[in-house]
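Below, chain A is the first sequence line, B the second, and so on; all start at residue 1. Predicted model, so just to flag it, every value in this text is computed and none were measured.
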Number of protein chains: 2
Amino acid sequence: MPDSVESALHCTWLLAQQPATALPARRLAEFHGLPQAYLSKILKLLTRADVLRAVPGTGGGYRLARDPEQITVLDILTAVQGDGPMFRCRELRQRGPVPLPVEACRRPCGIAAVMHRAEQAWRQELAATTLADLHGHAATASIGRARRWLEALPTANG
Amino acid sequence: MPDSVESALHCTWLLAQQPATALPARRLAEFHGLPQAYLSKILKLLTRADVLRAVPGTGGGYRLARDPEQITVLDILTAVQGDGPMFRCRELRQRGPVPLPVEACRRPCGIAAVMHRAEQAWRQELAATTLADLHGHAATASIGRARRWLEALPTANG
DNA sequence: GCGACTTTACTCGGATAACTGCTGTCCGAGTGACCGGGG
DNA sequence: CCCCGGTCACTCGGACAGCAGTTATCCGAGTAAAGTCGC
Ligand code: FES
Ligand code: FES
């Protein structure tokens with residue numbers, strides 16, 4: 001699994017701490033210690049998938065497109081990795097010197113069925129967890145460090 | 001997910017039809033319509049993981065290392081893809097201008113916990129399915145085509 | 001002092017290289033079967 | 001007819017290229033804010 005998934009999850013989690021304001025890619029990269037340009041690409045993908053909303057101009061950045069309770073971890077993974085299933089049945093049963101006729105291949109084969117069932121369980125676990133749940137179960141130390149850094153920003157706050 | 005997984009599953013499934021005799025890589029590649037050399041690599045990995053047993057010499061090939069009831073789909077995936085978890089926590093919380101102290105990172109972070117939980121569900125589904133189960137739930141057409149080809153082999157049978 | 005215009009700096013967006021892992025391929029070492037010769 | 005040695009073809013095993021997806025990077029279009037000038 002690509003590492004970009006972790007970056008996307010961390011950024012969305014951090015944005016969930018302040019759903020109102022928007023943070024630019026430069027700040028998020030600085031906070032997470034990641035290359036700014038590449039993280040920009042990831043945030044781009046999240047924006048295309050309607051997980052984040054981009055705010056252009058000075059003082060702009062990215063903010064959550066919906067409430068944290070309505071953004072699941074599966075949405076983030078789908079945005080970064082694509083919505084296609086990780087296991088793809090290549091229909092090997094129709095190849096070789098003794099191929100199976102197409103009319104007998106309407107139903108998915110047993111191997112694909114098992115794979116899809118396991119993947120479905122995986123997706124269900126991910127879809128059952130929202131950003132709000134992550135915030136609720138997060139360690140106090142993590143929330144503390146995030147809040148500390150957010151309040152120390154040179155933004156036009158009070 | 002790499003396509004080699006499907007090849008490995010199909011080969012092991014076919015070998016489960018005849019646990020006694022051994023089939024060479026050439027025959028398996030011919031049956032599945034796959035490149036012989038690459039499939040040899042996959043079978044090599046399965047042999048290293050003690051899923052298959054290699055029989056050298058003329059008339060040799062690969063046979064199952066254990067009974068089909070004791071070989072799970074997870075074993076095959078682990079053999080091909082490696083036993084490492086697909087999601088790897090890079091410890092981003094320890095990076096950046098406000099890093100979390102190491103003493104506070106003994107427990108896995110919330111993101112990694114969710115990911116590992118989902119992956120555990122996935123693994124559980126795969127570990128609960130054996131090659132014998134695949135044979136039991138397979139379509140009669142698939143079993144028929146396999147048996148037909150196996151009996152038509154030029155092997156030194158009766 | 002107030003408003004409008006200009007300039008500025010900052011933001012996202014898409015298009016463009018370098019790198020790792022999967023895919024595909026090759027040839028050598030080892031083994032069992034097969035064939036020929038001798039007893 | 002049976003046993004032995006030699007030859008052979010077939011097998012796996014590890015080492016070697018090619019391509020795709022991920023990672024990393026750059027610069028241009030667009031925008032909101034700030035600064036500046038005139039009234
Ligand atoms: S034919 Fe290979 S997984 Fe369906
Ligand atoms: S610190 Fe990123 S997933 Fe654990």
For [X] and [N], what is the distance between atoms [atom1] and [atom2] respectively, to the nearest whole Å?
X: I42(B); N: dG14(D); atom1: CD1; atom2: C1'; answer: 16 Å
X: E30(A); N: dT11(C); atom1: CD; atom2: P; answer: 11 Å
X: L28(B); N: dC12(D); atom1: CG; atom2: C1'; answer: 13 Å
X: R27(B); N: dA9(D); atom1: CZ; atom2: C1'; answer: 14 Å
X: M86(B); N: dG21(D); atom1: CE; atom2: P; answer: 20 Å
X: L45(A); N: dT23(D); atom1: CG; atom2: C1'; answer: 12 Å
X: Q36(A); N: dG13(C); atom1: CD; atom2: P; answer: 13 Å
X: L39(A); N: dT22(D); atom1: CG; atom2: C1'; answer: 15 Å

Legend entry - Whichever of R26(B) and A37(B) has its nearest DNA chain D nucleotide further upstream toward 5': R26(B)
Legend entry - Nearest-nucleotide 5' precedence on DNA chain D, G57(A) against K44(A):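 Residue closer to the 5' terminus by nearest nucleotide: K44(A).
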Any protein N or O atoms within reach of nucleotides 18-23 of chain C? Criterion: under 3.5 Å, listing atom names and distances.
from    : atom 1 : to     : atom 2 : distance (Å)
dT23(C) : OP1    : D3(B)  : N      : 2.7
dT23(C) : OP2    : S4(B)  : OG     : 3.3
dT23(C) : OP2    : Y38(B) : OH     : 2.5
dT23(C) : O5'    : Y38(B) : OH     : 3.2

Legend entry - Criterion side-chain contact (heavy atoms from CB on, under 4.5 Å) on L9(B) and M115(A), from CA distance to verdict: CA-CA 11 Å; L9(B) 287 169; M115(A) 283 304 191; 3.3 Å; yes
Inset, instruction - For the residue pair D75(B) and T72(B), confirm or rule out a side-chain donor-acceptor distance under 3.5 Å. - result: yes
Legend entry - side chain to side chain donor-acceptor pair (under 3.5 Å) contacts touching residues 48-63 of chain A (sequence neighbours left out):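 Listed once each, the pairs would be none.
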Inset, instruction - Answer yes when R117(A) and E119(A) have at least one side-chain N-carboxylate O distance shorter than 4.0 Å, and no when they do not. - result: no
Legend entry - D3(A) bridged to R88(B) by N-O distance under 4.0 Å: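 No, no charged N to carboxylate O under 4.0 Å.
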Inset, instruction - Ignoring the backbone of T58(A), work out which of dA33(D), dG13(C), dG13(D) is nearest its side chain. - result: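 Of the options given, the side chain of T58(A) lies nearest dA33(D).
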Inset, instruction - Looking only at side-chain atoms of P35(A), point me to the closest of dC12(C), dA9(C), dA24(D). - result: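 Nearest listed nucleotide: dA24(D).
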Inset, instruction - Please state whether the phosphate of dG14(D), meaning OP1 or OP2, lies under 4.0 angstrom from any side-chain nitrogen or oxygen of R48(B). - result: yes
Legend entry - Least distance between heavy atoms, P85(B) atom then R123(B) atom: CA-NH1, 4.2 Å
Legend entry - Main-chain N/O of R90(B) paired to E6(A) side chain as donor or acceptor, under 3.5 Å: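 Yes, the answer is positive, given that a donor and an acceptor are paired below the 3.5 Å cut-off.
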